[in-house]
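Not measured: the values here are computed from a predicted model.
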Amino acid sequence: MRRVRKTVVVAGMVLLVGCSGAGNAGPSGSGRAEVASVPVAARSAVAVDGPWRAWTRSLSPRETSCGSTAHQIVCATTPDGFVGRSRATGEVTWTVPATATGGKNGGLVVAATDERAVTSGGRVLRAANLRTGKAAWTHRLPAGRAYTGVGAASGVVYALDARDGTDVALGAFRASDGAALWHRSVDADPHEGIAALGDRVYTADGAGTKVTARDARTGRTVATSPAGTECPHLVSGGRYLVCTGSRFSASDTFPPLRRLDPVTLQPRETAEDTGLKPERGLISSDGVLMLFEDSAEDPGAGSWNAYDLNRARRLWSYDTTTTEAGLVRGRFVTLTPDNDASRGRVISIDLRVGPTGAGAAAPRQSPSYPQLTSGEHPELLVPGGDSGHVVVRTRTRPVLRSIPLP
């Protein structure tokens, strides 16, 4: 196998994919959010105090993706509904029924600071109120168009939408009431999503030739990247914006990792990456980028690589077989490799020191759980705050299990 340099991807921002079109008209045509009239189950949101406890709960077949906050678990149901669960027991505390019986769910974004969960299903974009457990607002696209992703940041929900993967548009909506802020045609890849930092939203054109920054409230272009900036994919988090290669690429070579100034979009000094295919990235608030990189020619067992964005250096590497991971309390949390004797566990690693740390900075592993085996295809949910637990969602036999954070 020919070895190529690895590449780093950063994650940590919220993206949305939405309708196409130009101008400032909302997708519903009126510029106003459609207040959902679908009946909501009698249960209301329940606040739970105290630490998380160990529990295991079965999921319904319609709960296709889940997210978490410091207070609750939220799952999207096909095609555009929601289920809220207690953080302490995993029991259902509220539901927002789907508006249709068929179709696929397009993903879930849980924006704790905005008290909203947002999901899409085909032509429908919906939000639920995390505090009350009720539907908040709904937008519907014209026939022939579909949402391709969802995301939110700083009180604004963003959505990319397209017609058969072309004629891409980006819409922005006020998270609180769904009021349409703007909706514009954009030069963007509908499947790569967007990045958002503060009062700006960023898109990459997918061809790796241009990044565009827009004002979050007006959609006005405020910066574009200089010529020659290769950027198929964007990752953001904290106050950092990074260009990297795309996991959708069929190539075996990728553009170099490049940090961008979020104001000017000028390239800044960045650590040399490893040249392998970037699959997923996370970025901490203090500028540590965690990037999962794998061989494009012989995929299977890749590595999470830690990059210091402020000092432009690679810190450490951890070989594993999963892209599942999270960041909590200055530590990196992931699953142990399937091809190792320690498989079936959660491991936490000091962000700065890595897997060779000692004492308080040493890696810590959980006990082995059947839900962490590769055959269950586990998904790792890392709640915010000081819960002391992580939640595993399995896909083979759908359950949620809360386990102590190692």
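- Considering only heavy atoms from C-beta on, Arg395 comes within 4.5 Å of Glu379 through its side chain.
- Contacts classified as ring pair (Phe, Tyr, Trp, His ring centres under 6.0 Å) and involving residues 324-351 (residues at least two apart or in different chains) are given here: Trp304-Phe332.
- Heavy-atom minimum distance, Trp182 versus Arg217: CD1-O, 3.4 Å.
- Considering only heavy atoms from C-beta on, Leu260 comes within 4.5 Å of Thr229 through its side chain.
- Residues Gln365 and Ser342 form a side-chain contact, since some pair of their non-hydrogen atoms from C-beta on lies under 4.5 Å apart.
- Using a distance-only test at 3.5 Å, with no hydrogens or angles considered, no donor-acceptor pair links the side chain of Tyr202 to the main chain of Leu197.
- Contact of the Glu272 side chain with the Pro256 side chain is not registered, since no non-hydrogen atoms from C-beta on lie closer than 4.5 Å.
- No side-chain heavy atom of Asp187 sits less than 4.5 Å from a side-chain heavy atom of Thr203.
- Of all heavy-atom pairs between Asp80 and Gly121, the closest is CB-N, 4.4 Å.
- The heavy-atom pair separating Ala76 from Asn105 by the smallest distance is CB-ND2, 3.6 Å.
- Note on residues 98-132: no pairs pass ring pair (Phe, Tyr, Trp, His ring centres under 6.0 Å), not counting sequence neighbours.
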Problem set entry | Verdict with reasoning, Ser348 to Arg331, per side chain to side chain donor-acceptor pair (under 3.5 Å) | CA-CA 6 Å; Ser348 73; Arg331 298 181 74 88; 3.0 Å; yes

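- In this structure, the side chain of Thr270 engages the main chain of Arg259 through a donor-acceptor pair within 3.5 Å.
- Ser366 contributes no side-chain N or O that, together with a main-chain N or O of Pro406, makes up a donor-acceptor pair within less than 3.5 Å.
- In terms of modelled atom types and a separation under 3.5 Å, the side chain of Arg214 and the main chain of Gly219 share a donor-acceptor contact.
- Side chains of Ser317 and Asn305: a donor on one and an acceptor on the other come within 3.5 Å.
- Without hydrogens or angle criteria, Asn310 side chain to Asp286 main chain gives a donor-acceptor distance under 3.5 Å.
- A donor-acceptor contact shorter than 3.5 Å links the side chain of Thr69 to the backbone of His71.
- Once rounded to the nearest 0.5 Å, the distance linking NE2 of His233 with CZ of Arg280 reads 10.5 Å.
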message: Would Tyr147 and Thr119 count as a side chain to side chain contact (heavy atoms under 4.5 Å, CB included) here? Give the steps.
response: CA-CA 10 Å; Tyr147 289 105; Thr119 191; over 6 Å; no

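- The backbone N or O of Thr78 lies less than 3.5 Å from no partner atom in the side chain of Thr64, so there is not a single donor-acceptor pair.
- Annotation: side chain of Ser368 is in contact with side chain of Arg345 (closest heavy-atom distance under 4.5 Å).
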Q: Step by step, work out the side chain to side chain contact (heavy atoms under 4.5 Å, CB included) result for Arg53 and Thr89.
A: CA-CA 7 Å; Arg53 297 185 291 272; Thr89 66; 4.1 Å; yes

- Task: Show your working on side chain to side chain donor-acceptor pair (under 3.5 Å) between Asp215 and Thr218 and close with a plain yes or no.
- Result: CA-CA 6 Å; Asp215 181 86; Thr218 67; 3.2 Å; yes

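- Rounding to the nearest 0.5 Å gives a distance of 12.0 Å between CG of Asn129 and CG of Asp177.
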Assess whether side chain to side chain contact (heavy atoms under 4.5 Å, CB included) is satisfied between Ile283 and Tyr307, documenting all intermediate values. CA-CA 9 Å; Ile283 184 169; Tyr307 295 86; over 6 Å; no

Pair Val118-Phe82, side chain to side chain contact (heavy atoms under 4.5 Å, CB included): steps then yes or no:
CA-CA 9 Å; Val118 185; Phe82 303 89; 5.7 Å; no

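- Looking at Asp319, its side chain never comes within 3.5 Å of a backbone N or O of Ser303 through a donor-acceptor pair.
- With hydrogens and angles ignored, the 3.5 Å screen pairs a side-chain donor or acceptor of Thr334 with a backbone N or O of Glu324.
- For the atom pair CG (Asp294) and OG1 (Thr323), the distance works out to 10.0 Å, reported to the nearest 0.5 Å.
- No hydrogens or angles considered: a donor-acceptor pair under 3.5 Å links the side chains of Glu63 and Ser60.
- Between the OH atom in Tyr240 and the OG atom in Ser285 there is a gap of 8.0 Å [rounded to 0.5 Å].
- The line from OG1 of Thr320 to CG of Asn339 is 7.5 Å long, rounded to the nearest 0.5 Å.
- Scanning all heavy atoms of the two residues, the minimum distance from Arg200 to Ala223 falls at NH1-CB, 4.1 Å.
- Between Leu59 and Arg85, the closest side-chain pair of non-hydrogen atoms falls below 4.5 Å.
- Annotation: the span from Leu315 atom CG to Leu351 atom CG amounts to 9.0 Å, rounded to 0.5 Å.
- At least one donor-acceptor pair closer than 3.5 Å links the side chain of Thr321 to the backbone N or O of Asp338.
- Around atom CZ of Arg247, no more than 12 heavy atoms belonging to other residues, nucleotides or ligands sit under 6.0 Å away.
- Looking only at side-chain heavy atoms (C-beta outward), Leu241 and Leu234 come within less than 4.5 Å of each other.
- The shortest non-hydrogen separation linking Phe254 to Ala296 is CZ-CB, 4.0 Å.
- Note on Glu376 versus Arg397: salt bridge recorded, some NZ/NE/NH1/NH2 to OD/OE distance being below 4.0 Å.
- The two residues Ala111 and Ala152 make their nearest non-hydrogen contact at CB-CB, 4.0 Å.
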